[in-house]
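Working notes for the structure below.
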Amino acid sequence: MNITNLQNENRKFINDLGFFHVLEYAADLSVNSSNATSQYFMSKMNVRRRQVVCDLNGNNAIVTQAGAMQWTAGNVRMDSGVKGVGDFMKKAFKGVVTNESAAKPTYTGAGVLVLEPTYKHIILKDLSQWRGGLVIEDGMFLACDGSVQHNVISRKNVSSALLGSEGLFNMVFTGQGVVALESNVPEAELIQVDLTNDELRIDGSLAVCWSDSLEFTVEKSTKSLLGSAVSGEGLVNVYRGTGTVLMSCVASTKTLATATATGNTTSGAVGAVAGLFK
């Protein structure tokens with residue numbers, strides 16, 4: 001099998017880890033007179049299409065979000081990952097509470113699997129670098145190695161469940177392998193904090209993902225409620241123990257996700273600017 005023009009002057013691999021490769025388009029070239037200006041400004045502001053290309057060597061497997069596959073080449077087979085009605089209902093509940101698809105197809109065989117393009121940023125993480133497993137924000141999962149176990153966990157204490165802005169449930173990945181995540185924030189703007197019997201306090205939902213070994217609580221920013229109120233900080237998210245936190249200090253990940261859903265994204269802003277040139 002020979003695949004040509006996967007990379008060219010406009011389309012190049014920008015990251016590789018394990019069986020995963022991130023393909024980025026410098027610009028959208030399939031444009032017309034009605035959208036050429038907005039597409040031009042989008043490319044200048046790093047709003048670009050990105051795709052994940054996965055290698056299948058006959059011995060490995062790739063698990064993806066439902067509907068993520070765009071095309072395959074070679075002897076590639078797909079299994080729905082659902083083992084009956086009971087299993088589907090269980091996975092449907094997990095999907096609802098984590099904003100993920102109920103079914104996660106598994107691809108095996110020998111060939112190439114290419115996922116649908118996205119304007120979000122693709123982050124590849126090796127689970128061996130995350131103590132106790134990797135916990136992610138809702139809706140970030142794109143794909144992972146078949147050797148990776150994924151499950152849903154609830155908050156470990158009442159305060160984080162009731163007061164935290166991270167949700168009641170999250171997906172956690174354990175085992176060995178690579179996880180591909182869709183992020184509203186580019187990796188270049190993320191800050192990694194490695195804790196060793198220490199703590200990290202964050203004002204707002206800035207954490208993108210964190211080690212499952214960490215204890216997450218919601219606490220007052222000062223010792224008293226009055227002090228927290230007058231300081232203007234109120235409650236803060238606290239990650240305590242030994243592990244890693246990856247966070248965005250540019251904007252809240254949930255705020256960006258909401259903006260994406262309402263169309264108030266960078267591309268929307270670009271469209272407004274581009275309108276000045278019509």
Side-chain angles (χ1 to χ4, degrees), residues 15 17-18 20 63 65 94-95 97-100 104 120-145 147-221 233-258:
N15 195 11
L17 188 61
F20 296 86
V63 178
Q65 274 282 36
K94 293 180 179 180
V97 299
T98 60
N99 197 27
E100 309 284 355
K104 293 179 173 56
K120 291 186 177 183
H121 303 274
I122 307 298
I123 298 177
L124 304 179
K125 288 299 175 184
D126 184 352
L127 285 183
S128 66
Q129 307 299 314
W130 293 81
R131 186 183 179 95
L134 175 66
V135 183
I136 67 171
E137 266 289 3
D138 293 349
M140 290 187 65
F141 173 71
L142 180 60
C144 67
D145 283 314
S147 57
V148 172
Q149 292 83 51
H150 48 90
N151 209 337
V152 172
I153 59 170
S154 60
R155 291 297 175 201
K156 297 178 181 179
N157 55 69
V158 176
S159 70
S160 60
L162 297 180
L163 302 175
S165 55
E166 305 293 348
L168 296 176
F169 300 91
N170 290 94
M171 283 193 70
V172 59
F173 299 88
T174 56
Q176 298 294 319
V178 174
V179 178
L181 305 175
E182 283 187 291
S183 173
N184 295 302
V185 182
E187 191 166 12
E189 291 185 345
L190 297 178
I191 295 176
Q192 179 171 316
V193 180
D194 297 311
L195 302 173
T196 303
N197 295 323
D198 211 336
E199 67 178 35
L200 172 67
R201 293 172 173 260
I202 304 177
D203 180 18
S205 56
L206 302 181
V208 174
C209 51
W210 56 93
S211 299
D212 190 37
S213 58
L214 294 173
E215 177 190 4
F216 170 56
T217 61
V218 178
E219 302 175 5
K220 302 186 298 293
S221 57
E233 298 300 336
L235 300 173
V236 293
N237 294 340
V238 181
Y239 299 83
R240 186 177 286 111
T242 299
T244 300
V245 178
L246 198 63
M247 63 178 179
S248 165
C249 291
V250 178
S252 166
T253 55
K254 289 185 179 295
T255 300
L256 287 175
T258 303

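Note that the numbering runs from 1 along the sequence shown for the chain.
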Subject >> Spacing of CZ belonging to Arg201 relative to CG belonging to Asn237, to within rounding of 0.5 Å >> reply: 10.5 Å
Subject >> Of all pairs that satisfy ring-ring contact (aromatic ring centres under 6.0 Å, His included), the ones with a partner from residues 182-205, not counting sequence neighbours >> reply: none
**OP:** Kindly indicate whether the side chain of Val148, heavy atoms from C-beta on, has any atom under 4.5 Å from the side chain of Val63.
**Re:** no
Original post:
Parallel, tilted or perpendicular for Trp210 and Phe216, by the 30°/60° rule?
Top reply: tilted
**OP:** Classify the side-chain pair Ser128/Asp126 by whether it contains a donor and acceptor separated by less than 3.5 Å.
**Re:** yes
Subject >> Note, Asp145 side chain near Phe20 side chain (heavy atom, < 4.5 Å) >> reply: yes
Original post:
Who pairs with Thr244 by side chain to side chain donor-acceptor pair (under 3.5 Å), at least two apart in sequence or on another chain?
Top reply: Asp194
Subject >> Heavy-atom donor-acceptor pair, Ser213 side chain to Arg131 backbone, under 3.5 Å >> reply: yes
Subject >> Distance in Å, Gln149 CD paired with Leu127 CG, rounded so as to fall on 0.5 Å steps >> reply: 9.0 Å
Original post:
What do you reckon, is CZ of Arg240 surrounded by more than 12 foreign heavy atoms closer than 6.0 Å?
Top reply: yes
Original post:
Are Val245 and Leu214 side-chain neighbours, meaning at least one heavy-atom pair lies under 4.5 Å?
Top reply: yes
Subject >> Within 6.0 Å of CD in Gln176, more than 12 heavy atoms from elsewhere >> reply: no
Subject >> Nearest-0.5 Å distance, CD of residue Glu137 to CG of residue Asn170 >> reply: 6.0 Å
Original post:
Which residues satisfy the ring pair (Phe, Tyr, Trp, His ring centres under 6.0 Å) test with Phe173, sequence neighbours excluded?
Top reply: Phe141
Original post:
Counting distance only, does the side-chain N/O of Thr242 pair as donor-acceptor with the main-chain N or O of Asn197 below 3.5 Å?
Top reply: yes
Original post:
With a 4.5 Å heavy-atom cut-off, do Leu246 and Lys125 have their side chains touching?
Top reply: yes
